[in-house]
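Everything below concerns the one structure shown next.
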Amino acid sequence: MRGEFNGLKTKILREQPCAFYVHCFAHQLQLALVAVAKKNIDVNSFFTTANSLVNVVGASCKRRDALRAQYQEELVRAFEEDCLIMGRGLNQETTLKRAGDTRWNSHYGTLISIISMFPSVVNVLQMIVDDNPNDSSGEAYKLWREIQSFEFVFHLFLMKAILGITNTLSLALQKKDQDIVSAMSLVTTCKEYAFEY
């Protein structure tokens, strides 16, 4: 929105040269998260793997359909074994969510979808390896091994916890009726909650 030539900021400054541009609180939080995550090589590597996973599994309609079928089979099996958690909004048909570069909280949705569909994702990667003796099978096998490692699963749940805290804050900061006092209170609460982990 603040593009040098065509962004909203530029258009407003043409009309009112004295206008002052301030990032919204949620965007500032997003920028801080991106900066911190990119500086940590382990976290950066984890998100690279997670993005590759979404790309490989979602590369074709056949793979997405296989993932959906695997997930439905798991839900049916869990229901039959009476170990399915029931409730409003749970167990909806889903797919792996692609993370966006500009919205860091979209990564939270990606992590939630990977966690909820983890066994299905593993099975689909195995299917890709078994069915396709080509370049994609090599990448699928690498991902199949990598996502089952302790390091990947540790980072998956660590980043889910961190982004869960910041996602709640980000959503609250995007409300239209937000004021600076309640925003600072939310930031303080978020910091306190983060230190509990």
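For A50, the side chain to side chain contact (heavy atoms under 4.5 Å, CB included) partners at least two apart in sequence or on another chain are I114. By the ring pair (Phe, Tyr, Trp, His ring centres under 6.0 Å) test, F154 is found to be paired with F150, residues two or more places apart in sequence or in another chain being considered. With sequence neighbours excluded, the residues forming a side chain to side chain contact (heavy atoms under 4.5 Å, CB included) with D130 are Q126, listed by chain and number. Partners of D65 by side-chain hydrogen bond (donor to acceptor under 3.5 Å, both in side chains), not counting sequence neighbours, listed by chain and number: R68. Every residue two or more places apart in sequence or in another chain was checked for a ring pair (Phe, Tyr, Trp, His ring centres under 6.0 Å) with F157, and none qualifies. Shown here are the side chain to side chain contact (heavy atoms under 4.5 Å, CB included) partners of I162, two or more places apart in sequence or in another chain: L158, M159. Taking Q148 as the reference, nothing meets the side-chain hydrogen bond (donor to acceptor under 3.5 Å, both in side chains) condition, with sequence neighbours excluded.
Put simply, the side chain of S149 never gets that close to the backbone of R145: no donor and acceptor are under 3.5 Å apart. Side-chain atoms of S52 come within 3.5 Å of backbone N or O of T48 as a donor-acceptor pair.
Ring orientation note: the planes of F152 and F46 are tilted relative to one another, at an angle of 30° to 60°.
Listed by first and then second residue, the salt bridge (Lys or Arg N to Asp or Glu O under 4.0 Å) pairs involving residues 146-164 are K142-E146 (not counting sequence neighbours).
Taking the side chain as every heavy atom from C-beta outward, V121 and L143 never approach each other to under 4.5 Å. Contact annotation: the side chain of F47 never approaches that of T110 to less than 4.5 Å [non-hydrogen atoms, C-beta and beyond].
To the nearest 0.5 Å, the span separating CG on L53 from CG on L125 amounts to 5.5 Å.
Between S113 and S116 the shortest heavy-atom distance is O-OG, 3.2 Å. Nearest approach of I128 to A140, heavy atoms of both residues: CG2-CB, 3.6 Å.
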Only distances under 3.5 Å count here; give the side-chain donor-acceptor pairs of residues 54-62 to other protein atoms, sequence neighbours excluded, each with its distance to 0.1 Å.
residue : atom : partner : partner atom : Å
N55     : OD1  : R98     : NH1          : 2.2
N55     : ND2  : N51     : O            : 3.2
S60     : OG   : R63     : N            : 3.2

